[in-house]
Amino acid sequence: MTYFTFPNAPPLPEAEKLRGEVRAFLAEELRNVPAHVRAASWSGFDAQFSRRMGERGWIGMTWPKQYGGHERSSLERYVVLEEMLAVGAPVAAHWIADRQSGPLLLRFGTEEQRQNVLPKIAAGELFCCIGMSEPDSGSDLAAVRTRAEPVDGGFRVNGTKLWTTYGHRAHYMLLFCRTSGGPADRHKGTSQLLVDLTLPGITIRPIADLSGAKHFNEVVFENVFVPGSALIGEEGNGWHQVTSELAYERSGPERFLSSFVLFAELIRVLQRNPSDHATIAVGRLISHFVVLRQLSRGVAWLLQNGENPALEAAVVKDLGALVEQEIPDVVRSLVEIDPDSEQTRELARTLHYIVQAAPSFSLRGGTREILRGIIARGLGLR
Amino acid sequence: MSAGHWPMPAEEVMRLPYRSETAALLSESATRLFGAVNDGELRKAELGGWSETSWREVAEAGFPLAFVSEAGGGFGVAPAEAIELVRIAGYHAAPVPLAEAMLANRLLTEAGFAPVDRPATIAPVTGCTAFSLQREGAGWRIRGRAVGVPWARHAGTIVALADHDGSPFVVALNRTIAELEQRASLAGVPSDALTIDALLSNDDVRPAPTRWNCETLRAAGAALRVAEMAGALERVLELTVTYANERVQFGKPIGKQQAVQQSLAVLAGQVAACGGAAAIAGAAFDGLDIPSIAAAKARAGEAVSVAAPIAHQVHGAIGFTEEHRLHFFTRRLWAWRDEFGSERHWSAILGGQALAAGAEGLWPFVTAFGAPQEAR
Ligand SMILES: Cc1cc2nc3c(=O)[nH]c(=O)nc-3n(C[C@H](O)[C@H](O)[C@H](O)COP(=O)(O)OP(=O)(O)OC[C@H]3O[C@@H](n4cnc5c(N)ncnc54)[C@H](O)[C@@H]3O)c2cc1C
């Protein structure tokens with residue numbers, strides 16, 4: 001009995017040509033950016049960088065040309081994503097819109113929404129944020145309280161969204177909210193709105209993370225009037241839509257490469273004179289990356305073929321987060337870090353960044369326990 | 001309409017995962033054949049015994065020739081597909097040396113020998129210093145010792161690589177010429193020591209085709225073990241999920257307990273990883289791509305180390321008994337993770353290459369795996 005399927009994604013010669021172009025672009029862009037800055041990877045925000053990505057046609061790659069897309073395959077897109085992440089390019093500005101908001105609008109949005117928003121996303125000019133979590137609704141997304149009351153010509157929105165990554169820099173939020181019923185109705189009565197964050201009544205307050213960095217926010221809605229044209233898909237269909245959005249969110253290679261820049265710095269320090277122990281530890285990590293990449297390309301291939309890889313994506317994300325979180329300890333076990341030494345200074349800085357970022361790797365995008373619950377359901381246990 | 005994956009260019013539709021009809025038929029008959037082997041036969045194998053009926057069926061189905069080219073007498077199935085047979089054998093803990101015989105016949109036919117339909121195995125399995133060949137009279141003398149040779153006591157033919165003046169030669173040995181010391185693998189399966197000092201005729205010795213040497217032989221064996229491990233781990237997952245749904249404690253199946261569900265999800269993740277490793281190993285088999293096989297075997301071994309303990313934990317005491325079938329799979333998995341190179345062995349090779357690639361070369365090193373027409 002097979003519980004999940006990871007197809008063997010075929011090698012694509014045109015994707016390898018593209019890889020060369022992306023590498024050349026990144027070598028130029030990141031020439032003087034030190035590893036500890038690149039370590040932020042898909043948390044690094046740089047609107048200008050995103051615009052240059054858009055100019056090259058590397059955002060919205062798989063979307064139809066009529067919406068500013070480039071009609072390329074999922075595997076070509078995969079190449080661009082993994083190349084960005086491996087070297088820690090600052091992709092945060094467009095990342096969410098490219099990964100989930102755009103595909104969601106393509107699938108459920110109105111024609112007007114697609115025409116207004118998608119070409120700008122693909123150009124790297126319009127950024128989106130995810131409005132799912134709330135103070136009382138984290139893993140339990142169906143406990144959503146933010147309400148959009150139907151009123152004449154639209155909705156009046158009240159509520160608070162939390163942990164909204166780059167909400168303070170984004171143009172639009174894809175807001176998951178309740179349009180009828182109450183929390184007891186769970187999945188029923190929920191909808192999604194495409195909310196222009198400049199509307200009156202929206203207050204966005206950055207929240208510092210444990211290291212003091214500011215990337216996520218509290219977003220408060222007080223009697224915000226949102227026009228009816230902002231409704232995505234159907235009123236009441238929010239749960240179905242938001243679960244598709246989560247499938248897009250969880251299926252990319254970002255789910256195992258968050259510590260790759262640190263791994264490369266480790267190699268830089270070790271390569272001079274590695275012990276047997278260090279060589280074996282490095283080889284072991286390589287075996288993990290090679291297999292994760294095989295599985296993750298399989299997920300991209302499932303997407304390419306119109307399948308819903310929610311289960312497979314949960315498997316990759318769970319395995320990937322373990323490796324991402326283990327790397328800082330592998331580094332610490334192999335290298336005596338001396339922040340004063342020229343040789344280990346950059347490694348130390350990168351390590352310090354990753355140690356502090358690592359707890360989030362198994363929280364954001366669905367916690368470890370929630371993913372394992374999804375896998376257990378796939379096994380027929382729940 | 002669905003998004004994020006359109007449009008699919010026509011030429012890509014053609015590249016959807018595709019399996020030849022012959023391969024599908026082979027898999028079907030392997031499932032039927034190995035699925036019919038009862039626990040009694042498996043037990044016999046664990047005591048070092050031999051199931052002649054099982055072997056005869058395997059030979060009649062032609063499985064030992066699955067890696068042999070059509071010209072050499074095989075079915076012309078791509079090796080990446082033929083390796084599926086080995087996975088199925090692993091899934092059923094088949095009590096026959098299928099992987100070994102498939103590899104032995106591949107090596108024989110590539111070297112220009114005829115394939116054999118009696119059980120066959122290969123040696124050495126642990127490195128390069130086992131056998132040496134010297135010219136003697138009109139023929140050859142082979143000398144040396146190999147340990148851990150799987151199934152040797154039941155094999156008719158042992159296909160060995162031996163060194164002559166620094167070059168590898170393929171030698172087709174009649175098992176009876178070897179002095180054999182019976183030993184058992186951790187799973188109880190024959191894993192014998194062979195001491196050989198014998199004269200061979202010129203007909204028994206051929207220069208090894210390029211790319212075959214004892215390192216690549218070990219890699220080929222490792223690739224096959226990964227496929228077997230993937231099959232056996234799938235079975236372990238299936239047995240464990242089934243048990244969790246059936247065993248009732250505290251008034252409900254233990255599988256309804258969230259702690260048990262979370263453990264099973266971890267087990268499933270390792271099974272997926274091992275499946276990915278097997279896909280990599282399968283694709284790497286034909287070209288004997290050492291880094292790919294190294295990554296696959298190292299990762300598969302680690303998957304076993306995480307997965308098997310969970311399976312036993314969920315099974316409780318009953319899974320710790322000889323009577324329960326779980327150990328047919330877990331004991332083999334523990335043996336296989338060490339055979340043809342452990343995680344330590346392959347990680348060291350892979351790590352050495354990654355370190356040689358250096359910090360800037362690290363990512364290109366990773367993406368070279370599975371890249372098209374990759375010549376390493
Ligand atoms: C860096 C970062 C960026 C984020 N960005 C965004 C964003 O842009 N937009 C957005 O909407 N959200 C965002 N989030 C929020 C993220 O999605 C939530 O943190 C996540 O869904 C978990 O919710 P929670 O933090 O409320 O934890 P809780 O749901 O309260 O969980 C706390 C703990 O309890 C466990 N738990 C909860 N329920 C169960 C259960 N049924 N079974 C077993 N264990 C359970 C969890 O696994 C976790 O370990 C971000 C989070 C982080 C850390």
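To find a chain, count down the sequence lines: A is the first, B the second, and so on, and within it residues start at 1.
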Chain A shares the most heavy-atom pairs under 4.5 Å, among B/Ala273, B/Ala272, B/Ala283, B/Gly358, with B/Ala272
So [Y] and [X], do their side chains get closer than 4.5 Å, heavy atoms only?
| X | Y | value |
| --- | --- | --- |
| A/Arg268 | B/Glu360 | yes |
| B/Thr367 | A/Arg19 | yes |
| B/Leu350 | A/Val282 | no |
| B/Pro364 | A/Arg23 | yes |

Chain A contact via B/Glu343 - side chain, backbone, both or neither, heavy atoms under 4.5 Å:
neither
Segment of B/Ser263 engaging chain A (4.5 angstrom heavy-atom cut-off)
neither
Can you tell me how far apart [atom1] ([X]) and [atom2] ([Y]) are? Round to the nearest 0.5 Å.
| X | Y | atom1 | atom2 | answer |
| --- | --- | --- | --- | --- |
| B/Gln258 | A/Leu381 | CD | CG | 11.5 Å |
| A/Arg382 | B/Lys256 | CZ | NZ | 9.0 Å |
| A/His277 | B/Ser347 | NE2 | OG | 11.5 Å |
| A/Ile267 | B/Leu355 | CD1 | CG | 4.5 Å |

So if I apply the side chain to side chain contact (heavy atoms under 4.5 Å, CB included) rule between B/Arg299 and each of A/Ile286, A/Leu292, A/Val291, which one comes out positive?
A/Val291
Let me know which of B/Asn245, B/Leu267, B/Leu237, B/Thr240 forms a side chain to side chain contact (heavy atoms under 4.5 Å, CB included) with A/Leu379.
B/Leu237
Take a 6.0 Å sphere around CD of A/Gln343 and say whether it holds more than 12 heavy atoms from other residues, nucleotides or ligands.
no
What heavy-atom pair brings [X] and [Y] nearest, and what distance separates the two atoms?
| X | Y | value |
| --- | --- | --- |
| A/Tyr3 | B/Glu238 | OH-CA, 3.5 Å |
| A/Pro11 | B/Gly370 | CB-O, 3.8 Å |
| B/Ala295 | A/Ser287 | O-CB, 3.4 Å |

For side chain to side chain contact (heavy atoms under 4.5 Å, CB included), just list the numbers for B/Gln261 and A/Arg372, CA-CA rounded to whole Å, side-chain angles, deciding distance to a tenth of an Å, and then say yes or no.
CA-CA 8 Å; B/Gln261 292 177 352; A/Arg372 290 182 180 172; over 6 Å; no
What part of [X] gets within 4.5 angstrom of chain B, counting heavy atoms only: side chain, backbone, both, or neither?
| X | result |
| --- | --- |
| A/Leu270 | both |
| A/Glu82 | both |
| A/Leu257 | side chain |
| A/Gln271 | both |
| A/Arg284 | both |
| A/Phe263 | both |
| A/Gln100 | neither |

Do A/Glu83 and B/Trp363 have side-chain N/O donor and acceptor atoms under 3.5 Å apart?
yes
Most contact-rich option vs chain B, by heavy-atom pairs under 4.5 angstrom, among A/Val79, A/Leu105, A/Ile280, is A/Ile280
